[in-house]
Number of protein chains: 2
Amino acid sequence: MQLELSVDRSSPVPLYFQLSQQLEAAIEHGTLTPGSLLGNEIELAARLGLSRPTVRQAIQSLVDKGLLVRRRGVGTQVVHSQVKRPLELSSLYDDLEAAGQRPATRVLVNKLVPASAEVAAALGVAEDSDVHRVERLRLAHGEPMAYLCNFLPPGLIDLDTDQLETTGLYRLMRAAGITLHSARQSIGARAATTEEAERLAEETGAPLLTMQRVTFDDTGRAVEYGTHTYRPTRYSFEFQLLVRT
Amino acid sequence: MQLELSVDRSSPVPLYFQLSQQLEAAIEHGTLTPGSLLGNEIELAARLGLSRPTVRQAIQSLVDKGLLVRRRGVGTQVVHSQVKRPLELSSLYDDLEAAGQRPATRVLVNKLVPASAEVAAALGVAEDSDVHRVERLRLAHGEPMAYLCNFLPPGLIDLDTDQLETTGLYRLMRAAGITLHSARQSIGARAATTEEAERLAEETGAPLLTMQRVTFDDTGRAVEYGTHTYRPTRYSFEFQLLVRT
DNA sequence: GTAGTCAGATTGTCCGGACATACAGATTGA
DNA sequence: TCAATCTGTATGTCCGGACAATCTGACTAC
């Protein structure tokens with residue numbers, strides 16, 4: 001069957017983007033079934049009244065997302081496996097909300113403190129200089145799920161406790177005009193100390209999932225350093241990843 | 001200072017790839033310092049005797065890798081933060097070897113077994129049909145580090161125990177002509193059972209880091225399903241990730 | 001002095017074409 | 001019958017050009 005595709009040249013949205021979105025929607029919706037050929041680029045371009053480079057750009061973006069596979073001499077086809085999303089830089093809050101869990105946050109600490117050596121190194125600021133320290137308890141369905149301790153350099157964002165209780169940190173940062181670009185993460189596990197256990201309603205010595213992360217904006221500045229502990233019975237890290245080529 | 005760049009038109013290596021590799025090397029080597037402008041595309045193209053689309057393709061590949069940032073009206077500059085690698089689909093064996101640890105593998109099980117419901121679902125094969133089951137203990141410096149249990153569909157690869165002891169599973173699969181494409185991972189933690197503790201020389205109830213993974217090739221077939229447990233005192237997952245744009 | 005405006009610079013998008021390269025299947029030869 | 005070769009098809013690479021969108025900084029007007 002013929003796929004219904006069309007582009008709006010009067011729209012400010014780039015043509016290749018319009019096309020890639022329609023193709024992605026068709027894949028998501030099942031109109032383009034896994035394994036099916038996409039039809040050659042030349043004809044597709046002619047059918048849409050676009051040039052081949054534009055069509056290629058649209059297809060390439062979906063190849064990069066892992067939705068399509070190109071084979072020289074064969075064609076472009078939809079991958080069989082259900083690709084979800086390739087581990088984006090998302091916040092726990094958004095993840096929980098998307099999963100239908102009603103997330104809640106209890107802000108335990110929100111103040112300026114002198115940076116420890118560890119924090120100073122991670123954020124690239126001078127030791128003992130002032131940094132924001134935010135400690136939060138993240139709940140889902142009223143049950144504690146994670147304990148989040150974050151450090152931010154000063155002057156970057158105005159951290160309002162009320163806002164922190166109603167939304168995620170990443171969303172606040174994006175809203176403040178910070179372009180999140182990359183992050184360096186480390187995921188591990190360890191036994192809960194008595195203090196940690198108490199916070200998360202676990203037993204002392206119970207296994208905890210830990211995550212440390214330094215986030216950078218597009219200028220390469222470190223904009224956030226966080227040390228998080230999760231209850232492994234309530235949370236695990238799930239993600240899809242692609243090979244780099 | 002002027003960066004020394006040149007391309008070899010007689011080489012079968014694509015021109016844009018030659019350029020991107022030279023730029024990447026210059027960034028890695030420090031010749032291109034973080035924050036420095038790359039010079040505009042037009043002039044760069046003229047200097048190298050290339051067309052602008054070719055130069056753009058080279059630059060774009062580095063932008064995708066997170067090494068460069070483009071700004072309309074400003075230019076292209078090197079990001080400040082030290083980007084390592086964006087979480088490729090690597091094997092524990094390669095990771096350890098790259099880190100200078102001398103990895104060793106002890107194959108505990110290597111046989112065909114009927115697929116359980118869980119395995120059948122992950123690999124997309126019929127329940128009770130034959131699948132390879134491989135259990136391995138991964139050691140570093142003679143100390144147990146991880147227990148790896150993997151399942152593979154039959155007919156895909158010849159699993160030789162000797163080879164499994166001297167290299168990683170992924171390397172074997174790639175050598176067998178399998179193109180690894182994507183994987184779905186889940187990382188969590190739990191307390192060690194007595195059996196698990198014994199295998200890894202830990203105490204019963206000690207925290208363990210767990211990872212489950214289904215790997216797909218470029219046709220979308222599931223080619224491997226694995227359940228791994230790591231000693232968190234010896235291993236943690238470290239990776240860099242980029243925002244998708 | 002401050003805000004608005006304008007011009008230059010640079011990347012973003014798009015076009016049309018050309019040739020190279022690799023794959024699959026049909027044809028041909030032994 | 002089987003293997004080597006040819007051929008068509010589709011993507012991969014590359015070119016040269018055109019115009020649009022956006023950012024920076026300087027200029028101008030109030």
Side-chain angles (χ1 to χ4, degrees), chain A residues 5-23 32 35-64 67-79 177 179 181 217-219 245, chain B residues 5-23 32 35-64 67-79 177 179 181 217-219 245:
Chain A
L5 295 170
S6 62
V7 290
D8 177 12
R9 299 195 85 95
S10 66
S11 163
V13 178
L15 300 177
Y16 77 89
F17 193 74
Q18 293 183 35
L19 178 53
S20 72
Q21 279 200 319
Q22 287 182 42
L23 290 174
L32 279 174
S36 63
L37 274 306
L38 202 58
N40 75 54
E41 301 169 348
I42 316 266
E43 192 224 339
L44 188 56
R47 187 144 63 93
L48 288 167
L50 297 173
S51 69
R52 190 179 162 216
T54 303
V55 172
R56 272 184 72 78
Q57 192 173 2
I59 293 176
Q60 187 59 46
S61 71
L62 297 181
V63 172
D64 291 339
L67 295 173
L68 297 177
V69 178
R70 324 177 81 143
R71 267 178 232 248
R72 195 185 295 208
V74 179
T76 305
Q77 53 184 318
V78 183
V79 275
T179 308
H181 177 259
D217 72 357
D218 55 2
T219 69
T245 19
Chain B
L5 294 171
S6 62
V7 291
D8 175 12
R9 300 194 85 95
S10 66
S11 163
V13 178
L15 300 177
Y16 77 90
F17 193 74
Q18 292 183 36
L19 178 54
S20 73
Q21 278 200 319
Q22 288 182 42
L23 290 174
L32 279 174
S36 64
L37 273 306
L38 202 59
N40 75 55
E41 301 170 346
I42 315 266
E43 194 223 338
L44 188 56
R47 188 144 63 92
L48 288 167
L50 297 173
S51 70
R52 190 180 162 215
T54 303
V55 172
R56 272 184 72 78
Q57 193 173 0
I59 293 175
Q60 187 59 47
S61 72
L62 297 182
V63 171
D64 291 340
L67 294 172
L68 298 176
V69 178
R70 324 177 84 145
R71 268 177 233 249
R72 196 183 293 205
V74 179
T76 305
Q77 52 185 317
V78 184
V79 288
T179 308
H181 178 260
D217 73 357
D218 56 1
T219 68
T245 18

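Note: hydrogens, waters and symmetry copies are ignored here, and every other heavy atom, side chains too, is used. Just so it is clear: chains get the letters A, B, ... in the order the sequence lines come, proteins before strands, and each one is counted from 1.
- Not one side-chain nitrogen or oxygen of B:Tyr16 sits closer than 4.0 Å to the OP1 or OP2 atom of D:dC14.
- Remark: side-chain polar atoms of B:Gln18 are paired, donor with acceptor, to backbone N or O of B:Asp8 under 3.5 angstrom.
- For A:Glu43 and D:dT11, the CD to P distance is 10 Å, given to the nearest whole Å.
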Check: protein-nucleotides 4-6 of chain C nitrogen or oxygen pairs below 3.5 Å:
none

Steps toward salt bridge (Lys or Arg N to Asp or Glu O under 4.0 Å) verdict (A:Arg70, A:Glu41): CA-CA 11 Å; A:Arg70 324 177 81 143; A:Glu41 301 169 348; 2.3 Å; yes

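- A:Gln57 places its CD atom 14 Å from the P atom of D:dG12, with the value rounded to the nearest Å.
- We find that CD1 of B:Ile42 is positioned 12 Å from P of C:dA9, with the value rounded to whole Å.
- Contact of the A:Leu19 side chain with the A:Thr54 side chain is not registered, since no non-hydrogen atoms from C-beta on lie closer than 4.5 Å.
- Across all strands shown, A:Pro53 has heavy atoms under 4.0 Å from base atoms, whether or not it also approaches the sugar-phosphate.
- Atom CD in B:Gln18 sits roughly 19 Å away from atom P in D:dG12 (whole-Å rounding).
- Phosphate contact (OP1/OP2 of C:dG17, side-chain N/O of A:Ser51, threshold under 4.0 Å): absent.
- Using a 4.0 Å cut-off, no side-chain N or O of A:Arg52 falls inside it from OP1 or OP2 of C:dC15.
- Per the geometry, CD belonging to B:Gln60 stands 15 Å off P belonging to D:dT13, to the nearest Å.
- Considering all non-hydrogen atoms of both residues, A:Arg9 and A:Leu15 come closest at NH2-CD1, 3.6 Å.
- Atoms CZ (A:Arg9) and C1' (C:dT13) sit 11 Å apart, rounded to a whole Å.
- Counting heavy atoms from C-beta outward, B:Thr76 and B:Val69 have side chains that stay 4.5 Å or more apart.
- Comparing A:Gly49 and B:Pro12, the nucleotide of DNA chain C nearest to each residue sits closer to the 5' end for A:Gly49.
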At a cut-off of 3.5 Å, list every protein nitrogen or oxygen paired with a nitrogen or oxygen from nucleotides 3-10 of chain D, distance to 0.1 Å.
from   : atom 1 : to      : atom 2 : distance (Å)
D:dA10 : OP2    : A:Asn40 : ND2    : 3.1

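- For the pair A:Leu50 CG and C:dG17 C1', the interatomic distance rounds to 16 Å; values are reported in whole Å.
- Distance B:Leu15 CG to C:dA20 P: 14 Å, rounded to the nearest Å.
- Look at A:Arg70 and you won't find any side-chain N or O under 4.0 angstrom from OP1 or OP2 of C:dC23.
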